[in-house]
Number of protein chains: 2
Amino acid sequence: MLVSSKISPKTTTRKAQIIDTSLEMMCRMGYQGTSMRDIASAVNMEAASLYNHISAKEVILSETCFQMAERLLQGLAEVNDIYFNPIEKLSLAVKNHVKILTENTFAGWVFVHEWRHLSEANRNRFVALRDEYEKGFTTILKQGEDEGVFQDVNNKFAVLTILASLNWVVEWYKPKGGMTPEQIAEKLTEFILSGLKKENN
Amino acid sequence: MLVSSKISPKTTTRKAQIIDTSLEMMCRMGYQGTSMRDIASAVNMEAASLYNHISAKEVILSETCFQMAERLLQGLAEVNDIYFNPIEKLSLAVKNHVKILTENTFAGWVFVHEWRHLSEANRNRFVALRDEYEKGFTTILKQGEDEGVFQDVNNKFAVLTILASLNWVVEWYKPKGGMTPEQIAEKLTEFILSGLKKENN
DNA sequence: GCTACTAACTAACATTTGTTAGTAATGCAA
DNA sequence: TTGCATTACTAACAAATGTTAGTTAGTAGC
């Protein structure tokens with residue numbers, strides 16, 4: 001082994017290293033624009049050697065997409081289980097979303113942009129998870145409406161618009177940038193809520 | 001010529017036909033996922049024959065991206081020139097944006113998502129236009145602040161979030177769907193403005 | 001010290017990629 | 001009728017693609 005990644009023997013496996021590097025490259029050049037040879041040379045090995053760690057290129061994409069989806073869903077489920085106030089729920093759902101996307105910037109970007117290149121079977125599974133996630137947000141909005149805290153809006157439209165602004169975070173968030181994930185979440189919540197709270201207009 | 005597209009001899013050129021078909025395919029499979037042979041067989045010809053109409057694959061992408069950028073910029077410039085009231089300005093800027101993106105769904109999608117695959121030179125030019133466009137929105141927000149109509153927000157943050165929700169339209173807008181572009185623009189404006197107007201909270 | 005495993009290698013594969021060269025058939029203008 | 005521009009074709013190119021086969025050096029457990 002020429003290149004040893006023995007900083008911490010088990011926590012950072014070679015596989016994780018390959019995936020991390022791949023994700024970073026896919027952010028710059030896209031999934032289809034990043035070849036196995038590109039990835040290999042970035043981690044200082046031959047393309048064929050990658051297959052000792054990863055069974056196929058698509059696994060890099062699918063593992064990332066599903067991991068992120070699971071994390072988002074789990075966070076949202078917790079919020080919906082524990083809290084009662086719709087405003088609080090929405091605020092925490094936003095915080096959860098921003099936290100997960102900014103925690104791993106590259107995975108976040110790939111999750112938002114590159115899932116389209118999943119194989120059909122995986123793409124279908126993925127879209128199902130995404131729909132479930134959207135449903136979680138819809139539930140919060142509905143509850144808010146019922147309790148008279150939120151305006152009466154087209155829920156589908158509102159959820160999509162909200163998620164749009166949340167997902168866009170991956171586009172411009174930089175860890176060393178001016179705002180922390182918490183500040184971003186707070187500002188986004190403000191932005192969204194001021195447009196939803198009834199006592200406005 | 002086996003396939004004749006003589007519905008209206010000059011308005012729909014073969015080139016336009018090729019580009020339209022390409023854009024539709026790129027929406028489904030991405031720029032890199034759409035090969036010249038894919039495009040060719042979709043318009044019933046050989047890949048090599050495409051080069052009688054288009055000098056390179058990238059031209060399909062670059063022409064689309066720059067055309068859309070120009071249209072958006074021109075619309076925004078008109079709004080900023082003619083009107084004075086910041087709320088009216090913002091509302092019309094949103095309407096302009098939604099109109100142009102929904103007028104040609106495929107071009108809109110490609111414009112939003114695939115510009116990354118432009119060659120470096122073109123990408124730089126493109127990003128410059130996009131920055132200019134963002135600046136136009138920033139101007140409106142600033143004016144609104146100065147006149148005390150809008151809240152004091154982080155302008156960069158607000159503009160990016162606004163554009164995020166505007167661009168997301170390409171993701172889910174369907175011509176035969178429930179909402180017309182005008183209705184979408186109106187709802188988006190409502191959503192954005194209620195989060196900006198001072199008399200809120 | 002033998003065994004089994006891990007992780008790297010070289011070589012090659014069958015496709016697919018964007019694109020060029022060269023060649024015909026067509027239709028319009030002179 | 002001649003000539004030119006348009007638009008299609010076939011054939012081929014060099015490069016790049018994801019992946020497999022077969023091999024080998026090092027390491028850990030018995």
Side-chain angles (χ1 to χ4, degrees), chain A residues 1-23 25-26 28-64 114 117-122, chain B residues 1-23 25-26 28-64 110 114 116-122:
Chain A
M1 207 195 332
L2 269 170
V3 177
S4 68
S5 59
K6 292 287 175 59
I7 304 153
S8 61
K10 277 286 171 186
T11 44
T12 300
T13 61
R14 198 88 170 101
K15 177 177 173 181
Q17 194 184 135
I18 290 168
I19 291 189
D20 284 353
T21 308
S22 303
L23 295 179
M25 301 182 83
M26 287 173 186
R28 277 185 291 123
M29 320 189 286
Y31 174 73
Q32 314 218 52
T34 308
S35 75
M36 292 302 268
R37 282 166 184 83
D38 289 337
I39 296 168
S41 85
V43 294
N44 286 311
M45 56 175 173
E46 294 302 313
S49 309
L50 292 171
Y51 288 84
N52 286 316
H53 305 276
I54 284 161
S55 61
K57 189 190 176 188
E58 207 213 335
V59 171
I60 301 173
L61 183 58
S62 58
E63 240 170 60
T64 304
E114 303 296 309
H117 301 111
L118 287 167
S119 68
E120 206 190 330
N122 275 333
Chain B
M1 209 198 326
L2 270 171
V3 177
S4 70
S5 59
K6 293 287 175 58
I7 305 151
S8 62
K10 276 287 170 185
T11 44
T12 299
T13 61
R14 199 88 170 101
K15 177 178 174 181
Q17 194 185 133
I18 289 167
I19 291 190
D20 285 352
T21 307
S22 303
L23 295 180
M25 300 181 83
M26 287 173 185
R28 278 185 289 123
M29 320 188 287
Y31 174 73
Q32 313 219 52
T34 307
S35 75
M36 292 301 267
R37 283 166 183 81
D38 290 337
I39 296 167
S41 85
V43 295
N44 286 310
M45 57 176 174
E46 294 302 313
S49 308
L50 292 170
Y51 289 83
N52 287 316
H53 305 274
I54 284 161
S55 61
K57 189 190 176 189
E58 206 213 337
V59 171
I60 302 172
L61 183 58
S62 58
E63 240 171 59
T64 305
V110 168
E114 303 296 308
R116 281 165 199 286
H117 301 111
L118 288 167
S119 67
E120 205 191 331
N122 276 331

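What you see is a predicted model, and the numbers here were worked out from it, not measured in a lab. Reminder, nothing fancy here: chain letters follow the sequence lines and each chain counts from 1. Because only heavy atoms are used, hydrogens play no part in the values below, and waters and symmetry mates are left out as well, while side chains stay in.
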Once you round it to whole Å, what is the distance between [atom2] of [N] and [atom1] of [X]?
X: B/L50; N: D/dA8; atom1: CG; atom2: P; value: 9 Å
X: A/I39; N: D/dA16; atom1: CD1; atom2: P; value: 16 Å
X: A/M45; N: C/dA7; atom1: CE; atom2: C1'; value: 8 Å

Taking atom [atom1] of [X] and atom [atom2] of [Y], what is their separation to the nearest 0.5 Å?
X: A/I54; Y: A/M36; atom1: CD1; atom2: CE; answer: 6.5 Å
X: B/S119; Y: B/L61; atom1: OG; atom2: CG; answer: 9.0 Å
X: B/I60; Y: B/S22; atom1: CD1; atom2: OG; answer: 3.5 Å

Q: Looking only at non-hydrogen atoms, find the nearest pair between B/Q32 and A/M29 and report the distance.
A: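 Between these two residues, the closest heavy atoms are NE2-O, 3.3 Å.
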Short side-chain N/O contact from [X] to OP1 or OP2 of [N], under 4.0 Å:
X: A/S49; N: C/dA7; result: no
X: A/H53; N: C/dA8; result: yes
X: A/R14; N: C/dA8; result: yes

Q: Give every residue pair that meets the salt bridge (Lys or Arg N to Asp or Glu O under 4.0 Å) criterion with at least one member in residues 42-61 of chain B, sequence neighbours excluded.
A: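 Output for this query is empty, none listed.
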**Q.** Partners passing salt bridge (Lys or Arg N to Asp or Glu O under 4.0 Å) against A/R37 (at least two apart in sequence or in another chain)
**A.**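 With sequence neighbours excluded, A/R37 shows a salt bridge (Lys or Arg N to Asp or Glu O under 4.0 Å) to no residue whatsoever.
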Q. What one-letter contact string describes nucleotides 16-24 of chain C from 5' to 3', where B marks a base within less than 4.0 Å of any protein heavy atom, S marks contact via sugar-phosphate atoms alone, and - marks no contact?
A. -BBBBB---
